[in-house]
Amino acid sequence: MNLSLNKTSKIYLALFVFTLFSTLGFSQETASTEKIGKFSFDSETIDYGKIEQNADGVRVFKFTNIGDAPIVISNAKGSCGCTVPTYTKSVIQPGETGEINVKYATNRIGAFTKTVTLTSNASEPSKVLRIKGEVLKPEKDDKVN
């Protein structure tokens with residue numbers, strides 16, 4: 001099996017390799033200059049601490065778009081039915097702020113750790129936020145009449 005190339009084949013091969021590497025270099029340069037939105041959250045975890053049963057379970061994640069393109073959130077999903085997120089439906093321009101509201105069902109007694117997953121066009125297309133805390137069992141009234 002003879003793998004020697006004639007002069008014309010070598011020229012075509014060299015042009016192919018040159019074109020391939022030129023295209024790869026251009027793609028990397030284009031990707032690095034592409035504008036994209038970027039979340040900057042005040043905090044990515046909210047700690048409810050110890051709260052009473054049936055207390056207000058609403059908390060707010062605040063963020064700023066520190067990128068150079070608008071962010072559109074397409075979905076926010078809680079890790080269970082006890083964690084219900086709502087989110088800014090409008091476009092968040094660079095420099096603007098937005099909120100993700102989370103309502104945890106505080107009728108459930110005990111410690112909890114849950115997540116809210118955001119889907120967007122930002123630099124992190126899937127962003128996970130966390131909530132945690134402990135719902136305390138109500139103290140019984142031990143008074144004797």
Side-chain angles (χ1 to χ4, degrees), residues 1-140:
M1 175 180 213
N2 186 0
L3 294 178
S4 64
L5 300 172
N6 64 27
K7 187 174 183 176
T8 305
S9 297
K10 288 179 184 179
I11 292 172
Y12 282 126
L13 180 60
L15 285 173
F16 172 76
V17 170
F18 175 77
T19 304
L20 179 65
F21 284 113
S22 297
T23 304
L24 288 174
F26 179 74
S27 297
Q28 290 173 347
E29 182 179 316
T30 302
S32 66
T33 60
E34 183 179 330
K35 293 183 177 189
I36 194 154
K38 183 175 182 181
F39 286 115
S40 175
F41 281 88
D42 292 352
S43 176
E44 294 182 15
T45 300
I46 292 179
D47 188 347
Y48 284 61
K50 294 183 181 207
I51 57 174
E52 294 180 18
Q53 185 180 26
N54 298 318
D56 180 14
V58 176
R59 300 293 186 273
V60 179
F61 288 97
K62 294 182 180 185
F63 67 88
T64 302
N65 178 356
I66 62 169
D68 51 12
I71 292 176
V72 177
I73 300 170
S74 56
N75 195 20
K77 183 171 175 55
S79 57
C80 72
C82 60
T83 306
V84 180
T86 56
Y87 59 94
T88 302
K89 303 279 195 264
S90 60
V91 173
I92 301 97
Q93 297 294 335
E96 290 184 345
T97 60
E99 295 182 346
I100 310 298
N101 293 300
V102 180
K103 181 172 184 171
Y104 179 73
T106 59
N107 60 326
R108 301 165 184 238
I109 296 171
F112 63 91
T113 301
K114 303 296 178 190
T115 61
V116 172
T117 303
L118 302 179
T119 305
S120 73
N121 67 333
S123 59
E124 293 180 74
S126 182
K127 180 74 172 169
V128 178
L129 306 171
R130 290 175 171 67
I131 62 170
K132 63 182 182 176
E134 183 178 1
V135 178
L136 301 174
K137 185 175 181 178
E139 292 183 24
K140 293 189 180 189

Pairs flagged by ring-ring contact (aromatic ring centres under 6.0 Å, His included) wherever residues 53-82 is involved - sequence neighbours left out: F39-F63, F41-F63
Hey, does [Y] have a side-chain heavy atom less than 4.5 Å from the side chain of [X]?
{"X": "I131", "Y": "T113", "result": "no"}
{"X": "T117", "Y": "P85", "result": "no"}
{"X": "I100", "Y": "L118", "result": "yes"}

Reported NZ-to-CD1 distance for the pair K114 and I46, which is rounded to 0.5 angstrom: 16.0 Å
Qualifying disulfide bond (SG atoms under 2.5 Å apart) pairs, either residue in residues 33-104, two or more places apart: C80-C82
Pairs where residues 43-66 contributes a residue and the test side-chain hydrogen bond (donor to acceptor under 3.5 Å, both in side chains) is met, not counting sequence neighbours: E44-K127
Pairs where residues 77-95 contributes a residue and the test side-chain hydrogen bond (donor to acceptor under 3.5 Å, both in side chains) is met, not counting sequence neighbours: none
Of the non-hydrogen atoms in [X] and [Y], which two are nearest, and what is the gap between them?
{"X": "P125", "Y": "S123", "value": "CD-O, 3.4 Å"}
{"X": "F112", "Y": "E134", "value": "CE2-N, 3.7 Å"}
{"X": "T115", "Y": "R130", "value": "CG2-CG, 4.0 Å"}

Those residues that, when tested against S40, pass side-chain contact (heavy atoms from CB on, under 4.5 Å) (two or more places apart): I66
If you look only at distance, which donor and acceptor atoms sit under 3.5 Å apart when one is on a side chain in residues 68-76 and the other is two or more places apart or in another chain?
| from | atom 1 | to | atom 2 | distance (Å) |
| --- | --- | --- | --- | --- |
| D68 | OD1 | I36 | N | 2.8 |
| S74 | OG | T119 | O | 3.1 |

T106 and I51: CA distance, side-chain angles, deciding distance, side-chain contact (heavy atoms from CB on, under 4.5 Å) verdict: CA-CA 8 Å; T106 59; I51 57 174; 3.6 Å; yes
